[in-house]
Every structure is written in structure tokens, then in C-alpha cells.
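Please read the structure below before turning to the comments.
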Amino acid sequence: MEYNYDTIIAQSTPIGYGGIGIIRISGKKSKKILLKLTGKITKNRYAEYIHIKNKNNLIIDYCIIIFFKSPNSYTGENILEIHCHGGQKIIELIIKSIINFNIKNVRLAYQGEFTERAFLNNKIDLIQAESIKNIIYAKSENSIFNATKLFKGYLSKKIINIINIIKKNLILIEKEIDFSEYHNNIKKINLIKKNIFLIYKNIKNIFNKYKKKSYFKNGIKTVIIGKPNVGKSSLINKITCKDTSIVTNIPGTTRDIIKEYININDIEMEIIDTAGIHKTTNIIEKIGIKKTWKIIKKSKIIIFMENALYTNEIQIINIYKKIILNKIKKYKDKIHILILNKIDLIKKNIKILNNNKLFNIINMSIKNNYGINKLFKIIKKKIKNINNNNYFLDNKRHIIIIKNILYYIKKCINIIKITNSNNINIDLIYEYLFLIQKKLYEFIGKKEITSKKIIRNIFSKFCIGK
């Protein structure tokens with residue numbers, strides 16, 4: 001990887017006004033900037049209260065200065081942190097004054113460049129770097145704890161352990177290839193097989209945890225569906241406490257996907273209002289209904305609504321099975337909540353019916369605010385047993401890599417299954433294991449393997465001061 005040796009500067013606190021503002025400077029010229037600003041070199045890793053001046057010797061502010069000597073800093077370089085008063089104009093004036101010193105190779109930082117340098121200087125790997133962004137943008141406590149586990153290296157250690165198993169296998173295979181003319185070591189080949197199944201088990205375990213835990217980061221996708229004018233938009237307005245969706249008596253008012261977020265038991269939920277599912281000749285409505293089906297298939301919780309004036313508990317189950325379940329694969333992995341709305345029109349009691357293992361049915365009157373608490377009660381019950389003490393994979397990049405690895409390891413397993421120990425294609429297994437090792441190195445961001453384009457793309461999504 002090409003390394004940029006410029007000294008970089010950025011505001012690390014959000015733009016605006018606050019009690020404190022922090023400016024971060026990283027690079028070889030940090031010490032020179034410190035001397036220019038304060039007239040002295042402060043003690044390493046000690047906070048010192050001192051005034052700073054511009055090049056005309058005018059005092060700008062009285063600040064807390066901390067100098068971190070390389071390599072014991074966030075980036076692995078010399079870092080200077082200036083903690084000044086939190087006025088935006090003061091922060092900008094300090095940065096402007098540093099630039100006006102005209103010190104060679106000193107410039108403003110790019111997005112994510114501090115963390116990128118930490119990665120390039122081997123302070124963190126790529127998984128840990130990506131977890132920092134998750135910590136900053138976390139929407140719940142669970143998201144923070146999971147991201148912190150990734151930053152601590154919990155997943156990275158597992159990846160390194162798998163790489164070590166592969167390395168041992170590659171060495172065993174190399175020896176077997178070198179001496180295969182003289183002997184056929186069945187014991188070694190059985191050990192290679194055992195290790196391949198162990199690699200598969202560990203990779204599969206990581207992938208399964210992604211599938212179960214990813215919604216801690218992205219939110220549990222919850223879709224509200226049903227015919228037009230059954231109360232879908234009224235329900236999303238009620239549970240989000242916002243006038244998010246337009247509510248009228250005209251069927252088909254909602255023609256596009258509308259999203260809002262709520263937090264239940266510290267788990268982020270993405271609530272989605274959709275176009276009513278019905279037969280129509282209207283082109284715009286057809287597009288909306290097509291989008292609705294895509295959302296249904298991706299959602300963890302499906303809330304299906306019917307009008308209680310025309311439908312009873314048995315009928316709503318049959319309608320739901322016919323219209324929805326028959327078109328969903330793996331529907332048992334989803335949470336299904338059926339709502340009979342407008343029970344005020346038939347003066348029916350509010351209750352939750354649990355007479356079906358797959359469905360929960362709620363009698364509801366959104367107009368009179370009946371049954372909303374019971375809906376929350378069901379959702380809380382369904383999600384309370386989610387184990388939040390494990391990590392989850394971060395993003396699409398991770399999933400693509402893991403899927404590639406699973407493809408290669410399954411190829412190895414197929415070779416083992418269709419052949420016996422005496423004529424196993426050990427050369428081909430070696431090639432697949434080598435590809436898996438390469439992908440795992442790409443996962444953690446080994447610089448010799450991971451492209452500069454991928455790395456820059458990752459850090460470009462960070463804020464400028466991080």
C-alpha cells in the first residue's frame with residue numbers, strides 16, 4: 001500500500017457550538033505545529049492548560065493540549081490534540097492559523113484518514129476499523145456492545161485461528177505432495193480432512209451469527225400489510241407517534257414505501273408502511289404493490305391487517321395463508337402478527353388470540369386507541385429472547401467474502417465425499433484452501449491482498465475528523 005506522509009489536520013467534534021471543540025493533528029510535523037502554537041514542547045501524554053497563538057503572536061484561545069508520541073497513539077504517528085472552547089469560529093480560526101504557518105506537507109485531512117492511518121500502521125485491522133464507524137453511528141445499546149466486541153478483536157481472532165488451521169493444512173499437503181511417490185500417509189490425509197470440516201464449521205458459525213444478529217445494526221424490518229383502507233397508515237402513525245403516513249378514506253392513498261424507526265427493548269425496529277395488496281389496473285399502484293412484496297420477503301416481522309367488520313379470526317388466518325404465506329419461503333423464521341382492526345364498529349372485546357403456534361391475532365381499534373399496547377406486548381415477547389451477546393458481521397463486503405469462502409470449502413468437502421483416501425485430489429484441495437486463506441486475509445484487510453480502492457472506499461464513509 002502507498003502511504004501518505006503528510007501531516008493532517010481536522011476538527012474531530014461535530015460542526016456547531018458546544019462546551020468544547022477538539023482539533024486533531026497527526027503526522028511528523030505535529031511536534032513542530034505544537035512548538036509554533038505554544039512556544040514549547042509539552043510532556044508526552046500529559047494534558048497541559050496553555051494559550052495558543054497565531055503567526056502574528058496574537059492569543060487565539062486558552063486550551064488543553066495533549067501530545068501523543070509515536071507509536072503510542074491512535075494512528076501510530078505523532079498526534080497533537082487541541083481541546084479548545086466549543087465555538088465553531090474558534091475552531092476554524094485555530095485550523096486556519098496552523099495552515100498559515102506554511103509548514104511543508106501539512107494539510108486538511110480526508111474523510112476517515114485518521115482511522116485509515118491507524119489501519120496502515122497496523123494499530124487495527126479492517127474489521128476493527130469498520131467497527132469504529134458502527135460505534136459512532138449506533139442507534140441502540142446492543143449495537144454499541146456488538147460493535148465494541150468487533151473493535152476488541154473478537155471476530156478478528158476467530159479469523160486468525162481459521163487462517164492458522166489452513167496454514168497447517170497447506171504445510172501437510174505440501175509434504176504429502178513432495179513425498180507421495182514414496183508413500184501414501186493415510187493418517188495425514190485423515191488429519192487434512194478433519195481440519196477441512198473444522199474450517200467449514202467455524203466459517204458456517206460466523207455466517208449463521210450474521211444472519212441472526214445483523215438486525216441489531218440495521219433494525220428489525222417490520223412490514224405492515226393488508227388491503228387498502230384497513231388502517232395500515234393509521235397504525236404506523238400511532239406506533240411511531242408521528243403523522244408519517246397520509247390517512248384518508250380513499251383506498252390506495254399509500255402508493256409507495258414509507259419507513260420510520262422505533263426502539264423496543266433497546267432493539268431498533270424499522271417500521272414500514274406499504275401500498276395495499278389488491279388487484280388493480282392502476283400502473284402506479286401496481287408498482288407500489290410490487291415493492292411491497294419485495295419488502296415482505298426481506299422482513300422479520302409481518303403485521304397483516306384486515307377489517308373486523310368483514311372478517312373473523314378463522315377467516316383472517318385463511319386469507320393470510322392464501323395471499324401471503326404461499327408466496328414466502330422460510331416463513332417459519334418470521335414473526336406473523338394478524339390484526340382485526342375497527343372492532344369498535346362491531347363492539348367486540350380486545351384480546352390476543354394465541355390458538356395458533358405460528359400466528360398471534362389481535363382485535364384492535366386504532367381509532368379508539370385499543371389494542372396498541374397488546375401489539376407492543378407481543379413484539380416484546382417475540383424479541384426478548386434474542387441473544388445479544390454475540391458479534392454480527394458488519395456489511396455487504398463481509399457477506400460476499402464469507403459466501404465465497406463457503407463456496408470454496410464446500411468444493412473441498414465434495415472432493416472428500418466423492419473419493420476415498422487412496423486417490424483424493426489433494427492438489428485441488430490445496431488450491432481451494434489457498435483461495436480461502438487469501439479471502440480471509442482480505443476479510444481482516446491484509447494490505448498486500450486488499451486493494452487500495454476497497455480500503456479508500458471503506459474509510460471514505462467515515463467523518464472527516466475520525
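Side chains included, hydrogens not; waters and symmetry mates left out as well; all remaining heavy atoms used.
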message: Any heavy-atom pair between the side chains of Leu155 and Lys157 that's under 4.5 Å?
response: no
query: Are any non-hydrogen side-chain atoms of Pro71 and Asn121 less than 4.5 angstrom apart?
result: no
- request: Report yes or no: do Ser70 and Asn78 form a side-chain donor-acceptor pair below 3.5 Å?
  value: no
query: Do Arg45 and Phe67 meet the cation-pi criteria used here (NZ or CZ under 6.0 Å from the six-membered ring centre, within 45° of the axis)?
result: no
field: Distance, nearest 0.5 Å, that separates CD1 of Ile8 from OG1 of Thr75
entry: 7.0 Å
Thr42 side chain to Glu48 side chain, donor-acceptor N/O pair below 3.5 angstrom: no
side-chain contact (heavy atoms from CB on, under 4.5 Å) partner of Ile82, chosen from Asp61, Ile9, Ile25, Ile22: Ile25
query: Does NZ or CZ of Lys158 fall inside the cone over Tyr154's six-membered ring, less than 6.0 Å from its centre and within 45° of the axis?
result: yes
field: Flag side-chain contact, heavy atom, 4.5 Å: Leu35 against Lys31
entry: no
message: So Glu270 and Ile220, do their side chains get closer than 4.5 Å, heavy atoms only?
response: no
- line: When Lys28, Lys69, Arg117 are each screened for side chain to side chain donor-acceptor pair (under 3.5 Å) with Glu77, the one that passes is Arg117
query: Are Ile60 and Lys53 side-chain neighbours, meaning at least one heavy-atom pair lies under 4.5 Å?
result: no
Euclidean distance, Ile135 CD1 relative to Thr148 OG1, rounded to 0.5 Å: 4.0 Å
field: Heavy-atom check, side chain of Val223 versus side chain of Ile301, under 4.5 Å
entry: no
message: Tell me if the aromatic rings of Phe462 and Phe459 count as close, with their centers under 6.0 Å from one another.
response: yes
query: Are Leu235 and Leu375 close enough that some pair of their side-chain heavy atoms sits under 4.5 Å apart?
result: yes
message: Ring of Tyr46, cation from Lys43 - is the NZ or CZ under 6.0 Å from the centre and inside 45° of the axis?
response: yes
message: When you compare the side chains of Tyr430 and Glu174, does any donor N or O come within less than 3.5 Å of an acceptor on the partner?
response: yes
- prompt: Are side-chain heavy atoms of Ile203 and Leu440 found at a separation under 4.5 Å?
  reply: yes
- request: For the pair Phe359 and His336, name the ring-plane relationship: parallel under 30°, tilted 30 to 60°, perpendicular over 60°.
  value: perpendicular
task: Using distance alone, with no hydrogens and no angle criterion, decide if Glu92 and Gln11 have a side-chain donor and acceptor under 3.5 Å apart.
output: no
- prompt: Quick one: NZ on Lys466 to OG1 on Thr115, what's the gap to the nearest 0.5 Å?
  reply: 5.5 Å
